[in-house]
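First up is the structure itself, then whatever we jot down about it.
Letters A, B, ... are given to chains in the order of the sequence lines, protein chains preceding strands, and every chain is numbered from 1.
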Number of protein chains: 2
Amino acid sequence: MPWELKSDRPIYTQLIEYIELMIVSGVYPLGSKLPSVRDMAQEAAVNPNTMQRALAKLEEDGLIITHRTSGRSITEDESMVAKAKTKLAQQQISEFLEKMQLMGFDQQEILTIIDNMVKGMKK
Amino acid sequence: MPWELKSDRPIYTQLIEYIELMIVSGVYPLGSKLPSVRDMAQEAAVNPNTMQRALAKLEEDGLIITHRTSGRSITEDESMVAKAKTKLAQQQISEFLEKMQLMGFDQQEILTIIDNMVKGMKK
DNA sequence: ATTACTGTATTAACCACTTAATACAATAAT
DNA sequence: ATTATTGTATTAAGTGGTTAATACAGTAAT
């Protein structure tokens with residue numbers, strides 16, 4: 001996992017999105033323990049303060065539980081994660097469709113393009 | 001046209017994307033004249049320097065022609081615009097599919113979701 | 001008890017983005 | 001010729017993100 005961080009957006013927001021993706025996809029399972037702030041910061045090659053900021057936001061959103069001295073873990077509330085996944089997906093889809101329409105593609109075009117792209121993907 | 005500018009990314013990059021969208025969608029037709037930097041800045045409610053920066057990038061990309069003292073216009077090179085449109089679309093699609101897959105949706109799921117979303121859209 | 005590790009907070013410095021206020025050169029309009 | 005408008009450049013100030021270097025309190029491990 002490469003932690004591909006670009007410089008066109010604040011790093012902490014990219015960290016939030018990336019970690020959230022790992023959670024909703026199950027790479028970080030329900031209730032599992034997360035590495036320490038320092039370790040995660042080192043793995044992502046960012047400053048601990050920056051990682052701290054991202055994790056604080058994820059805790060605020062209820063996806064992560066903080067145990068003051070024994071580290072952090074993913075929430076055990078399955079519905080919390082499911083809700084986050086649904087929200088993320090719908091957000092992705094609507095943004096995508098909106099931009100494609102603004103570009104001038106009509107509904108049928110979008111469908112066929114997607115269909116071709118999906119078929120072209122390695123499964 | 002609202003110029004919806006968010007604060008989570010640099011404004012000038014959002015301006016670039018927005019104007020590019022207007023070009024590839026034909027809202028700004030081939031060869032048409034653009035308003036002055038100052039006017040566009042005022043319309044978007046940003047500083048002229050910021051708008052200048054965005055326009056300079058679009059000129060660098062070949063979508064806009066600058067006439068030193070008589071303003072700017074959209075390129076008349078149709079293939080230039082077509083190429084930009086294709087590139088934009090493929091970028092949107094691949095980013096979208098990648099994220100959906102990272103979230104854990106398989107190909108069939110993505111297709112049916114999109115299909116339902118599209119059908120749900122008022123044309 | 002001591003040690004090591006946890007999250008958290010603070011301070012200073014640096015840098016990119018943004019704005020504001022100008023100014024200049026070239027040309028279109030009059 | 002004069003005026004207005006064009007793109008462009010410069011300088012200063014403010015803001016927010018990022019890093020670095022610490023420091024502290026609480027707790028798990030030994």
Side-chain angles (χ1 to χ4, degrees), chain A residues 2-20 22-23 28-29 31-76, chain B residues 2-20 22-23 28-29 31-77 80:
Chain A
W3 292 90
E4 295 176 20
L5 301 173
K6 302 178 181 177
S7 58
D8 63 338
R9 292 186 302 149
I11 294 179
Y12 82 97
T13 60
Q14 298 182 57
L15 294 178
I16 292 172
E17 292 173 8
Y18 185 77
I19 297 171
E20 187 176 10
M22 295 303 103
I23 294 175
Y28 293 157
S32 64
K33 195 166 179 306
L34 280 176
S36 73
V37 184
R38 294 169 176 80
D39 287 350
M40 292 186 74
Q42 187 172 21
E43 189 185 326
V46 299
N47 189 275
N49 295 329
T50 307
M51 181 59 75
Q52 160 76 18
R53 187 169 178 178
L55 293 172
K57 177 62 164 63
L58 287 168
E59 186 194 3
E60 184 187 322
D61 292 342
L63 289 177
I64 282 182
I65 306 295
T66 299
H67 314 99
R68 187 67 174 72
T69 58
S70 62
R72 291 176 158 95
S73 58
I74 308 298
T75 178
E76 298 185 358
Chain B
W3 293 92
E4 295 175 22
L5 301 174
K6 302 178 181 177
S7 60
D8 62 338
R9 291 185 305 148
I11 294 179
Y12 80 97
T13 60
Q14 300 181 58
L15 294 178
I16 292 171
E17 293 172 8
Y18 185 78
I19 298 172
E20 189 176 9
M22 294 305 101
I23 295 176
Y28 293 157
S32 64
K33 195 167 179 305
L34 281 175
S36 73
V37 184
R38 294 169 176 82
D39 286 350
M40 292 187 73
Q42 187 173 20
E43 189 184 326
V46 300
N47 188 277
N49 296 328
T50 308
M51 181 60 75
Q52 160 76 17
R53 185 168 180 178
L55 293 173
K57 176 63 166 60
L58 288 168
E59 185 193 4
E60 184 187 323
D61 293 342
L63 290 177
I64 282 181
I65 306 296
T66 299
H67 314 97
R68 187 66 175 72
T69 59
S70 63
R72 282 181 239 255
S73 58
I74 308 298
T75 178
E76 297 186 0
D77 185 345
M80 209 76 193

Q: Measure the shortest side-chain to side-chain distance between A/Ile23 and A/Ile64 over non-hydrogen atoms and say whether it is less than 4.5 angstrom.
A: yes

Q.
Here's a test of your reading of the structure: between A/Tyr12 and A/Ser70, which maps to the more 5' nucleotide of DNA chain D?
A. A/Tyr12

Q | Of A/Ser7 and A/His67, the one whose closest DNA chain C nucleotide lies more 5' | A | A/His67

Q: Let me know the distance between CG of B/Asn47 and C1' of C/dA20, rounded to the nearest Å.
A: 6 Å

Q. Of the candidate nucleotides D/dT19, D/dG7, C/dT19, which contains the atom at the shortest distance from the side chain of B/Val37?
A. D/dG7

(Q) Heavy atoms only, 4.0 Å cut-off, all strands: where does B/Arg53 land among base, sugar-phosphate and nothing? (A) sugar-phosphate

Q. At under 4.0 Å between heavy atoms, what does A/Arg38 touch on the DNA or RNA strands: base, sugar-phosphate, or nothing?
A. base

Q. Which nucleotide in the list C/dT8, D/dT8, D/dA20 gets nearest to the side chain of A/Thr66?
A. C/dT8

Q. Between A/Gln14 and A/Arg9, is there a donor-acceptor pair closer than 3.5 Å when you use the side chain of the first and the backbone of the second?
A. yes

Q) Hey, does the side chain of B/Thr50 come within less than 4.0 Å of C/dC17's phosphate (OP1/OP2), counting only N and O? A) no

Q. How long is the line joining NZ of A/Lys57 and P of D/dG17, in whole Å?
A. 13 Å

(Q) How many whole angstroms separate atom NZ of B/Lys33 from atom C1' of C/dA28? (A) 10 Å

**Q.** Whether B/Thr75 side chain and B/Asp77 backbone form a donor-acceptor pair below 3.5 Å
**A.** yes

Q: Can you figure out which of C/dT6, D/dT6, C/dG7 approaches the side chain of B/Thr69 most closely?
A: D/dT6

**Q.** Spacing between A/Glu59 atom CD and C/dT8 atom C1', to the nearest angstrom
**A.** 11 Å

Q.
Rounded to whole Å, please give me the gap between CZ in A/Arg68 and P in D/dA28.
A. 12 Å

Q.
Quick check on D/dT5: is either OP1 or OP2 less than 4.0 Å from any side-chain nitrogen or oxygen of B/Ser36?
A. no

Q.
Rounded to whole Å, please give me the gap between CD in A/Gln52 and C1' in D/dT19.
A. 15 Å

Q.
In whole Å, I'd like the distance from the CG atom of B/Asn49 to the P atom of C/dT22.
A. 14 Å

Q | Protein-nucleotide distance (B/Gln42, atom CD; C/dT19, atom P), rounded to Å | A | 14 Å

(Q) Looking at A/Leu63, is its backbone amide N or carbonyl O close enough to the side chain of A/Asp61 to form a donor-acceptor pair, meaning the two atoms are under 3.5 Å apart? (A) no

Q. Which of these nucleotides, D/dT6, D/dA20, C/dT19, is closest to any side-chain atom of B/Asp39?
A. D/dT6

Q) So, do A/Trp3 and A/Leu15 sit near enough that their side-chain heavy atoms are less than 4.5 Å apart? A) yes

